[in-house]
Amino acid sequence: MADRVFIFDTTLRDGEQSPGFSMWPEEKLEMARQLARLGVDVIEAGFPISSPGEFEGVRRIAAGVRGPIICGLARANPKDVEAAAEAVRPAERARVHTFIATSPIHMARKLRMSPDEVLQTAQQAVAYARRLAPEVEFSAEDATRSDIDFLCRVFEAAIQAGATIINIPDTVGYAVPEEFGALVRSLLERVPGMDRITVSVHCHNDLGLATANTLAGVRAGARQVEGTVNGIGERAGNVALEEVIMALGTRRDSIGLTTGVDTTQIYPTSRLLCAFTGIDVQPNKAIVGANAFAHEAGIHQHGVLVDRRTYEIMTPASIGLPTNRLVLGKHSGRHAFEKVLQDAGIRLGADELERAFARFKEVCDRKKTVLQEEVIALVEEQFALFPRTWELGRFSVTTGTGRRPIATVRVTKGETEEERTASGDGPVNALFDAIASGVGVRPELVDYSVRAAAGGADAVGEAVVKLRWEGDLSVGRASSTDVLEASARAYLSAVNKILARQPGGQSAVIAGEEEVATAPAGPRDDSVTSSRSLPRAAPRGSSQ
Ligand code: KIV
Ligand code: ZN
């Protein structure tokens with residue numbers, strides 16, 4: 001049996017379909033490009049039948065991303081299969097992934113089909129998909145709660161019909177490792193032809209066992225692993241691919257298997273997903289959490305200072321986490337700035353680099369030293385895939401004990417300038433209200449947060465604003481030393497995305513920019529007036 005495990009990424013399908021993680025097609029395309037840099041073997045780009053937008057999104061990824069196999073999901077019926085096959089057709093290597101549930105509860109209650117009907121439907125869907133696509137994957141949804149004899153029959157039928165990959169999903173995260181490993185082993189032994197196709201595992205994390213189950217699956221003979229970046233996905237999520245990849249790499253002595261992944265792209269990939277979805281991983285998240293390589297306890301710090309291996313089983317560099325603590329300031333040149341980006345695995349086109357450097361210099365005028373994390377936050381702001389239709393001009397906010405906050409904001413769109421004043425329950429509320437009035441759209445505010453990109457009272461803060469407009473979520477991020485400025489820019493960034501999607505809006509796809517914001521962790525004055533005139537951004541250019 002081969003010692004290479006294939007990595008199947010379903011961030012853009014199983015991950016993206018979970019609440020709060022939706023991405024826009026432009027973001028999905030950029031994410032797919034980053035997954036290709038990471039070196040995953042398969043990208044499940046979406047579920048093409050689910051909407052025309054989803055179909056188009058999958059098609060754009062199939063046409064625009066080279067390297068990985070591009071896969072589209074289909075239920076076991078001809079229309080789904082046709083849509084998936086059509087959407088992935090432009091890919092260098094295309095795959096259709098069709099599935100049907102095989103557990104008694106799903107068959108009886110959800111599908112209302114007998115086991116024989118399910119078996120026949122699966123066989124027909126695979127045979128049809130095989131006529132339309134060179135590679136066909138078949139999944140038995142809820143496999144871990146299915147009768148094993150029935151599972152054997154369904155898999156045998158799917159292989160006979162032409163499936164080249166058989167996937168064993170733990171759809172509801174019910175399995176425990178020994179049991180899951182035994183299931184995979186027994187299917188490999190019992191199903192005729194199973195040893196000639198690729199066996200895949202797909203574990204959800206409801207009991208926090210997804211990584212353990214996945215590793216048990218590969219130990220038992222599976223050679224494809226399905227999961228998502230940061231473990232996003234339905235309910236408690238899918239298995240976090242970074243955990244599986246680093247476990248295989250770090251414990252190769254025990255497991256004896258390899259992947260084709262460039263692990264130094266793990267951290268940049270994780271960050272990009274956070275930037276697009278506006279959702280950070282928890283600090284103690286394995287591999288990519290903010291504390292994953294931090295050593296706080298005195299004994300640990302002492303050990304690490306003497307020899308990092310005392311408390312570190314992986315190096316931060318191996319996942320692409322910047323390790324040198326470069327501190328930049330207004331005398332820092334472009335070289336040092338570019339080095340920080342390079343260490344963080346961030347690639348910018350010439351125009352974006354120019355803008356990012358200009359923004360960095362602007363911040364240096366307000367702040368003596370700029371830490372690496374702050375540089376990264378500022379640069380993430382330059383990954384905007386959407387035109388900056390509206391830009392922030394002058395603004396002022398007045399607030400204080402016993403008075404109602406008032407914000408005056410000027411926003412500009414080309415030659416058009418709008419200035420509005422609004423009051424609100426709080427300064428941010430007033431600020432957003434004034435902007436909404438100036439730009440002429442008033443989306444629902446779903447979420448708003450600010451945090452410091454690094455420690456310290458003068459830290460660059462990151463603001464994230466989530467807006468809902470006509471059912472779609474739009475995430476805006478921005479960074480600044482001034483939390484109100486960051487908030488306003490983040491709000492405008494989210495609004496600009498919404499406008500870009502409107503009929504007649506400029507939804508030109510320009511690779512590269514996203515906004516991040518700032519939360520000054522410093523002392524709070526309860527009477528604050530903030531006023532600043534922002535320079536107009538340079539005209540935007542295409543980077544890739
Ligand atoms: O969890 C699951 O069963 C799935 C299938 C579609 C593979 O996501
Ligand atoms: Zn799933």
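Side chains are part of it too, since the values below use all heavy atoms of this structure and drop only hydrogens, waters and symmetry mates. Here, residue 1 is the first one in the sequence, and each next residue gets the next number. When a ligand or atom number is given, it counts from 1 through the structure's own listing order. Only a predicted model underlies this, so the values are computations on that prediction, with no experimental measurement involved.
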Would you mind telling me which of Asp14, Asp170, Thr10 makes a side-chain hydrogen bond (donor to acceptor under 3.5 Å, both in side chains) with His202? Asp14

Before moving on, can you tell me the angle at the Zn ion (ligand 2) between the OD2 atom of Asp14 and the NE2 atom of His202, to the nearest 10 degrees? 90°

Non-hydrogen atoms of Glu44 and Leu12 that approach each other most closely: O-CB, 3.6 Å

Would you please write out the protein residues whose heavy atoms approach any atom of ligand 1 to under 4.0 angstrom, listed by chain and number? Arg13, Asp14, His97, Phe99, Ser139, Glu141, Asn167, Pro169, Thr171, His202, His204

Using the rule given for side chain to side chain contact (heavy atoms under 4.5 Å, CB included), can you reason through Phe180 versus Leu209, listing the C-alpha separation, both sets of side-chain angles and the distance that settles it, and then say yes or no? CA-CA 11 Å; Phe180 190 62; Leu209 293 172; over 6 Å; no

Checking Asp3 now: which residues fulfil side-chain contact (heavy atoms from CB on, under 4.5 Å) with it, not counting sequence neighbours? Arg252, Leu257, Thr258

Short N-O contact, Arg59 and Glu56, less than 4.0 angstrom: no

What are the two closest heavy atoms between Ile197 and Ala163, and how far apart are they? CG2-O, 3.4 Å

